[in-house]
2 protein chains.
Amino acid sequence: MATSLHAHVVEHLGSRIVGGSIPRGSIVLAADLEQKLQVSRSVIREAVRVLAQCGLVTSTKRVGIRVLGPEEWNPYDENVIRWRLASDQKGAQLRSLTELRISVEPMAAELAAEVAPEAMRKELMLISAQMNHYGRQGDLRRFLELDIRFHALVLAASGNEMFANLATPIAAILRGRTELGLMPERPHEEALAWHQSVADSISNMDAQGARRNMESIMRRTHNEICSLWEGAPRVFVDPIAKK
Amino acid sequence: MATSLHAHVVEHLGSRIVGGSIPRGSIVLAADLEQKLQVSRSVIREAVRVLAQCGLVTSTKRVGIRVLGPEEWNPYDENVIRWRLASDQKGAQLRSLTELRISVEPMAAELAAEVAPEAMRKELMLISAQMNHYGRQGDLRRFLELDIRFHALVLAASGNEMFANLATPIAAILRGRTELGLMPERPHEEALAWHQSVADSISNMDAQGARRNMESIMRRTHNEICSLWEGAPRVFVDPIAKK
DNA sequence: TGACACCAATCTGTGCAGGCATAAAAATAA
DNA sequence: TTATTTTTATGCCTGCACAGATTGGTGTCA
């Protein structure tokens, strides 16, 4: 529905708020937006409702539409993540996501070894074999897509829908890393072996083995890209202030 | 805004969809909703936009508002979590959240030890001291509130906004566990000591110590409540099917 | 006769325009 | 300072036109 009018307005406002060109505390009026974007009130209102859902704005009577600060944004919202990745907060967003996946993926691998359905174990073995093949050939494009699928599969095979839902932003990390040339010419043998071991362990229901090998992958991943966010400021949200 | 009309409609429809009384694949018409809920089109439309954002419905021309299945729901949406906790999927939701916090909190403790601002370290020491005090007295109500604050603080002190945002659902877990009588008469000495050690480690910038002690807390937590979701089915979402 | 492509009717969400009600800030009076 | 009035932007409602997808009918061709 990217073609729908209200989605366009959401995109317009959301990217500007997250990007910083509409600073926190700003107050915009629905009537002004109608005129500026040349759309009707209903479109504006629906867009504002969606943005309010993401925590980007609140709309109160007699005041208007108030733009909120980053502490209020929903960091799990797909749009918010995308807008942050396209802004100067890219580093901080990548750091948050990477820390999250480092935490989650070993547990996902462990769970997958215990509960994954047979079809997913099979596919995991297939994917890791293909990763070996194309990795050794230095075909980075194909390797990237397989890598994305591999990690998405492990997350899905955990049977935890919260884990599975991290596949999309994690794919964004992997794509970003490759685009930025942070991948070696061809994947390290070590990394290939770890992926293979994760698949083997899951296939053999070896939960601890799956976890250990995934932890190894995560350690290397972290070392490879943590330079990206050097100096990006951390945000400390006092959990009481939000109540 | 809980008093606003459109929020009421979101609540009405959302809880019914997640609760299962409006099954997946159902098609409801905006006009019918107008009449049934006695509200105007604009209210219905804004509510449907919000629900579409959560992945509960899609609305297409000539067909109506189609109710989606659980694979499409956004598992990080606060409303969705709340509705699931109030439904017969409560077990599965608690399991997902618990697995997530087991993954995340040790890393959060480690990060907090490295980057937490001084004020948060201080408060963490204060909270853990109070937890000791009220815990030994067997004042479970006060202990619960301190426990919630403790974990929320560690998550916030990590400087990772995605971690910090898990404080709300984690608080729901802790409250639920106490309400269901899954807490011992008084907290185990071990648990008190671990909380104290986490606070100490963070205060002393001992990242590995903070992680280890938090891992101990998580292991015990898991053992205490994993009986809650015995037999709850796992959902395996093929990451390709969603593309 | 039957299969298939094409077209028109129809249905429902999308978007537009304008009106009244209401709540909360701001200004004014006590 | 406190209470009251005024101001003003959003909340909510309704009528209308449009767009796009489904459906069924029509005609063509094998």
Side-chain angles (χ1 to χ4, degrees), chain A residues 1-17 22-69 72-73 79 243, chain B residues 1-17 22-69 72-74 79 242-243:
Chain A
M1 306 305 133
T3 171
S4 81
L5 253 192
H6 104 273
H8 186 258
V9 173
V10 168
E11 191 64 29
H12 179 98
L13 290 175
S15 57
R16 274 165 181 72
I17 292 173
I22 309 181
R24 71 183 303 155
S26 302
I27 287 183
V28 296
L29 271 48
D32 294 351
L33 288 175
E34 278 182 55
Q35 204 183 352
K36 196 171 305 180
L37 303 181
Q38 289 292 306
V39 294
S40 70
R41 237 185 300 179
S42 53
V43 172
I44 296 291
R45 288 174 50 90
E46 287 166 31
V48 167
R49 281 271 122 68
V50 171
L51 293 171
Q53 180 78 358
C54 309
L56 297 196
V57 302
T58 57
S59 140
T60 56
K61 276 189 173 176
R62 183 53 177 84
V63 173
I65 298 153
R66 171 177 286 116
V67 175
L68 302 177
E72 304 293 331
W73 304 346
N79 286 326
K243 293 260 168 164
Chain B
M1 300 296 136
T3 171
S4 81
L5 257 188
H6 106 271
H8 186 258
V9 174
V10 168
E11 190 65 29
H12 179 97
L13 290 175
S15 58
R16 274 164 181 73
I17 292 172
I22 309 181
R24 71 184 303 155
S26 303
I27 287 182
V28 297
L29 272 48
D32 294 349
L33 288 176
E34 278 181 55
Q35 205 183 352
K36 197 171 304 180
L37 303 181
Q38 290 293 305
V39 293
S40 71
R41 255 179 311 166
S42 50
V43 173
I44 297 290
R45 291 180 41 164
E46 287 165 32
V48 167
R49 282 276 178 270
V50 171
L51 293 172
Q53 181 77 359
C54 309
L56 297 197
V57 302
T58 58
S59 105
T60 58
K61 282 182 179 169
R62 182 54 174 87
V63 46
I65 298 154
R66 171 176 287 118
V67 175
L68 301 176
E72 303 294 331
W73 304 346
N74 177 358
N79 286 327
K242 292 190 65 174
K243 294 259 166 162

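Here is how names work: the chains are called A, B, and so on, in the same order as the sequence lines, proteins then strands, and each is numbered from 1.
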Which residues satisfy the side-chain hydrogen bond (donor to acceptor under 3.5 Å, both in side chains) test with [X], sequence neighbours excluded?
X: A:R66; value: none
X: A:E34; value: none
X: A:R45; value: B:E46
X: B:R62; value: none

How close or far is atom [atom2] of [N] from atom [atom1] of [X], stated in whole angstroms?
X: A:R66; N: C:dA23; atom1: CZ; atom2: C1'; answer: 15 Å
X: B:L5; N: C:dA23; atom1: CG; atom2: C1'; answer: 14 Å
X: B:H8; N: D:dG11; atom1: NE2; atom2: C1'; answer: 16 Å
X: A:H6; N: C:dG13; atom1: NE2; atom2: P; answer: 15 Å
X: A:R62; N: D:dA9; atom1: CZ; atom2: C1'; answer: 7 Å
X: A:K61; N: C:dA25; atom1: NZ; atom2: C1'; answer: 13 Å

Listed pairs under 3.5 Å, donor-acceptor, residues 35-42 of chain A side chains, sequence neighbours left out:
residue: A:Q38; atom: NE2; partner: A:Q35; partner atom: O; Å: 2.8
residue: A:S40; atom: OG; partner: A:S42; partner atom: OG; Å: 3.1

Just to be sure I understand the geometry, which residues of residues 29-54 of chain B put a non-hydrogen atom under 4.0 Å away from DNA chain C?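 Close to the strand are B:L29, B:A30, B:R41, B:R45, B:R49.
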
Find which nucleotide of DNA chain C each of B:V28 and A:V63 is nearest to by heavy atoms, and output the residue with the more 5' nucleotide.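 Residue closer to the 5' terminus by nearest nucleotide: B:V28.
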
Exercise: identify the closest heavy-atom pair between B:L29 and B:V63: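 Scanning both residues completely, I find the closest heavy atoms to be CD1-O, 4.1 Å.
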
Hey, does the side chain of A:S59 come within less than 4.0 Å of D:dG11's phosphate (OP1/OP2), counting only N and O?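 Checking A:S59 against D:dG11: at least one side-chain N or O falls below 4.0 Å of OP1 or OP2.
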
